[in-house]
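Below is one structure; the comments refer to it alone.
Quantities reported herein were computed from a predicted structural model and do not represent experimental measurements. Residue numbers count from 1 along this sequence.
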Amino acid sequence: MRPPRRRPRGPRTARSPGTARSPGTARSPGTARSPGTARSPGTSRPRPSFFAEFAEGLREARRHPWFLAGLGALTVVISTGYSATGVALPLVSRDKYDTGVVLAAAMTAYTLGALGGAVVVARWRPRAQGWAALAGLGLYGFAPLSLLLPVHWVFVVAAYAVAGIGIELFNVPWFTATQREVAPDKLARVSSLDFMLSYGLAPAGLALIAPAIEHFGARPVLAVCAALCFAAPAVAALVPSARGFSREGAGRGTPRESAHA
């Protein structure tokens, strides 16, 4: 049996490496993507400026009227009430009660009150959460008021304990509502705006209250601080969405409460 015949093959033509593909299909490493879509591994988007980020946070905050109202009240309370604590309390403890015990006892009572307030707010679910929080913030007015009135030092300590309870009744719902209502990609900027205006302006209050006490006296300055601490949260509560710290639940409590109503 004869072996099968093979067709004769002609000589192979050599291909240079550069002609393996047609010019239209060959891609060099640097031309894998068009310049509009190419991104080098080590580059990233330029970060916006501080003012651009601040403006973006402010735009997001303006979408939540309850936030602007609460932030304004918090800023007033911190710049007046906290300043009274930092400046007037040591003076009153020394000059009025002739002892430093009042200062130490009042600050200890404030801390213990804040711990108690945190326990209360962990279990308490008021229907009008925003109003309850603003009412707690207004309790700080009793701190400068106690320094103003001719009362026994025990009442000063009790007033600071009440102020500590109130500040936590505000803080927990405030931060919870901010995280719930603000867009996640804007939360960092809005939170920065919160701390920048509230606690950032506190040094201004500290710087102004000392010369104000020296010029006008402690009693009128403390009276103004107490009035502002009571009035600012009350004014903030007039904003419809402040009732539940929710833009969607304006006048109806929080969205969750409205769903179960």
Output, in order, the C-alpha distance, side-chain angles, deciding distance and verdict of side-chain contact (heavy atoms from CB on, under 4.5 Å) for Ile78 and Leu201.
-> CA-CA 8 Å; Ile78 289 180; Leu201 294 180; over 6 Å; no
Take Phe142 and Phe230 through the test ring-ring contact (aromatic ring centres under 6.0 Å, His included) and record every step on the way to the result.
-> CA-CA 9 Å; Phe142 287 107; Phe230 289 130; 5.2 Å; yes
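Of the inter-residue distances, the one linking Leu222 atom CG with Ser146 atom OG reads 8.5 Å to the nearest 0.5 angstrom. To the nearest 0.5 angstrom, Leu147 atom CG is 10.0 Å from Leu91 atom CG. Atom-to-atom distance recorded for Leu115:CG and Ile165:CD1 is 10.5 Å, nearest 0.5 angstrom. The CG atom of Leu68 sits 9.0 Å away from the NE2 atom of His64 when rounded to the nearest 0.5 Å. Note: Arg189 CZ to Met196 CE = 11.5 Å, rounded to the nearest 0.5 Å.
No donor-acceptor pair closer than 3.5 Å links the side chain of Ser93 to the backbone N or O of Leu89. In this structure, the side chain of Arg125 engages the main chain of Val121 through a donor-acceptor pair within 3.5 Å. Ser241 places a side-chain N or O within 3.5 Å of a backbone atom of Trp66 that can act as its donor or acceptor partner.
Hydrophobic clustering of Ile, Leu, Val, Met, Phe, Trp and Tyr side chains at less than 4.5 Å, counting indirect connections, keeps Val239 apart from Phe67. A single hydrophobic cluster is not seen to contain both Leu228 and Leu134; linkage of ILVMFWY side chains at heavy-atom distances under 4.5 Å, directly or through other members, places them apart. Cluster membership for Leu148 and Val154, using ILVMFWY side-chain heavy atoms within less than 4.5 angstrom, is shared. Side-chain heavy atoms closer than 4.5 Å link hydrophobic residues (I, L, V, M, F, W, Y) into clusters, and following such links, possibly through other members, connects Leu149 to Tyr97. Hydrophobic cluster membership differs between Tyr82 and Val224, with clusters built from Ile, Leu, Val, Met, Phe, Trp and Tyr side chains linked at under 4.5 angstrom.
Contact detail for Pro173 and Gln129: the closest heavy-atom pair is CB-CG, 3.8 Å. Nearest heavy-atom pair, Gly141 versus Ala226, reported as atom, atom and distance to 0.1 Å: O-CB, 3.7 Å. Across all non-hydrogen atoms, the minimal contact from Ser198 to Leu71 is CB-CD1, 4.2 Å. Counting all heavy atoms, side chain and backbone alike, Ala143 lies closest to Ala163 at CB-CB, 4.4 Å. Closest non-hydrogen pair, Ala84 versus Ile209, comes out as N-CD1, 3.7 Å.
Phe170 and Trp174 have parallel rings, their planes meeting at less than 30° on a 0 to 90° scale where 60° marks the start of perpendicular. Between Phe195 and Phe175, the ring planes lie parallel to each other; the angle is under 30°, not in the 30° to 60° tilted range.
Side-chain contact between Val92 and Val102 is absent, with no heavy atoms from C-beta onward closer than 4.5 Å. No side-chain heavy atom of Thr80 sits less than 4.5 Å from a side-chain heavy atom of Pro144. The side-chain heavy atoms of Val172 and Glu168, taken from C-beta on, include a pair separated by under 4.5 Å. Using a 4.5 Å cut-off on side-chain heavy atoms (C-beta onward), Leu137 and Ile167 make contact. Using a 4.5 Å cut-off on side-chain heavy atoms (C-beta onward), Ser246 and Arg180 make contact.
Within 6.0 Å of CG in Asp185 there are more than 12 heavy atoms belonging to other residues, nucleotides or ligands.
In this model, a donor atom of one side chain and an acceptor atom of the other lie less than 3.5 Å apart for Thr85 and Tyr140.
The only option from Leu206, Leu208, Val221 that meets the side-chain contact (heavy atoms from CB on, under 4.5 Å) definition with Val87 turns out to be Leu206.
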